[in-house]
2 protein chains.
Amino acid sequence: MTENRKSYHHGDLKPALITAGLELLEETGLENLSLRAIAARVGVSHTAPKNHFDGLRGLLTAIATEGFRRHAAEMRRGVEGEPPGKPRLHAACDGYLRFALANPELFRLMFSKTLCNHQDPDLMAASRASYEVLRGIAQGLDWDKADAPGAPWRTEWMLWSIVHGYALLLIEGQIARAGDGAAPFKASEILPDFGYRDGTTEPDPLRSSSA
Amino acid sequence: MTENRKSYHHGDLKPALITAGLELLEETGLENLSLRAIAARVGVSHTAPKNHFDGLRGLLTAIATEGFRRHAAEMRRGVEGEPPGKPRLHAACDGYLRFALANPELFRLMFSKTLCNHQDPDLMAASRASYEVLRGIAQGLDWDKADAPGAPWRTEWMLWSIVHGYALLLIEGQIARAGDGAAPFKASEILPDFGYRDGTTEPDPLRSSSA
DNA sequence: CCTTCATGTTTCCAATGTAAATTTTTCTGC
DNA sequence: GCAGAAAAATTTACATTGGAAACATGAAGG
């Protein structure tokens, strides 16, 4: 039923809308993406999505959820086979950047508090899974000096901040490079040289310190 | 003429619109900010701005420009009086964060490629001036190991990325803390411990390496 | 005084998201 | 099988938005 439908009922509208949304997102840009356009691409009326999503925001939330899944996958893909320590760290961060630069509009949507609902259970699960990849890498990292202040997940936040910040500055065109797009951007361009501890496990912050 | 106008001509509409926009921005949020609402607050028709700005995007660009001026001012305000080295670095970054968290909607607007025109000369000047503050601080920084790869302005990018990333993750609610807003967020929470060189001057990248 | 032109207004239009009422299909209990 | 309920889509309507065009107003300078 994913074909050109002749029947009144689409049969698989929910995932079809998400797919169409993912496509249109990068084609038209986040701010120009409209519910009506997504519905039109699937071939249904513009009010049809109401039966499956809670308005435009609900649909965008579902799109962002799929985005986080791919985001995590892209990081994992890079990490696989890499030995622990620096290689694995850089591979994960490279995956983070690769995804962001390949799907800039989706990436911006994913981190927009206004456009998608970060209380949504599915989004939370996907988002957290993605974060866990980075967090797993940050585990053995020794960025801090001993007397450094802050929470125990300070290192995770540092790592996340720097990769995320770099990704966004690149996406928004604040940072540009000579080679227009020839050589891919690498995390090595911004990551400081780390030291490593031996597998100490930190308590799980889940992005929030409200213990 | 900033008062309740009785005359047909406002007399000072351009700055009045920017001021009203800055106010409404934080009140209603970036995505809900409308040209009509801004015009209404000033007390003119919704097409009046057309005479002073190139559409909504032009107005938003002017608002963002003022944002960058205040952003730079907030950083400079913190830096003043601080001795060079670590204190000055942290003061500048604290200013960066303080501004972002006090004006989250404005901050998001400033770095939106889509919503404002980053080719605009005024915006470019203000944006660059703001960047220069951070860059000046990064001057004597020694974050890199000797064998670190990348461009000469690598350290600037590292610093900018980490502060910018932290600011955005906080704004978008991705990172939260126990004390709901009691203690201000500090750059010391994410900045690694730096070493310092003695005032070596780096070539000016101006955010782009297209030499 | 009278023309010129910048500045605002009015009116109109296309696009958007949402809601309500309606139609079509599928499912379910008998 | 089949009637009725529920699900899935459609049509219609509406308020808001940004923008374009034509017009109104008043200030400035001959």
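The sequence lines fix the lettering, A, B, ..., with proteins before strands; numbering per chain opens at 1. Predicted model, so just to flag it, every value in this text is computed and none were measured.
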Which atom pairs link the protein and nucleotides 27-29 of chain D when you take only N or O atoms and keep those under 3.5 Å?
none

Subject >> Close approaches to DNA chain C from residues 51-66 of chain B, in residue order (heavy atom, under 4.0 Å) >> reply: Asn51(B), His52(B)

**OP:** Look at the side-chain N and O atoms of Lys50(A) and state whether any lies under 4.0 Å from the OP1 or OP2 oxygen of dA9(D).
**Re:** no

Subject >> Glu82(B): side chain to side chain donor-acceptor pair (under 3.5 Å) partners, not counting sequence neighbours >> reply: none

Subject >> Counterpart residues, side chain to side chain donor-acceptor pair (under 3.5 Å), relative to Tyr166(A) (two or more places apart) >> reply: Glu189(A)

Original post:
When you look at Leu168(B) and Phe111(B), which way does the side chain to side chain contact (heavy atoms under 4.5 Å, CB included) test go after all the steps?
Top reply: CA-CA 10 Å; Leu168(B) 278 176; Phe111(B) 289 95; 5.9 Å; no

**OP:** Would you jot down, in residue-number order, the residues of residues 33-41 of chain B having a non-hydrogen atom under 4.0 Å from DNA chain C?
**Re:** none

Original post:
In terms of side-chain geometry, is the basic nitrogen of Arg70(B) or Glu66(B) positioned less than 4.0 Å from the acidic oxygen of its partner?
Top reply: yes

Original post:
Roughly how many Å is it from CG in Asp12(A) to P in dA8(D), rounded to a whole number?
Top reply: 11 Å

**OP:** Could you list all the salt bridge (charged side-chain N to carboxylate O under 4.0 Å, His left out) pairs where at least one residue sits in residues 98-109 of chain B, not counting sequence neighbours?
**Re:** Glu31(B)-Arg108(B), Glu74(B)-Arg98(B), Glu105(B)-Arg108(B), Arg108(B)-Glu172(B)

Original post:
If we only count heavy atoms from C-beta on, is the Leu169(A) to Trp157(B) side-chain gap below 4.5 Å?
Top reply: no

Original post:
With respect to the side chain of His46(A), which nucleotide from dT11(C), dT18(C), dT9(C) is positioned closest?
Top reply: dT18(C)

Subject >> Heavy-atom donor-acceptor pair, Thr61(A) side chain to Arg57(A) backbone, under 3.5 Å >> reply: yes

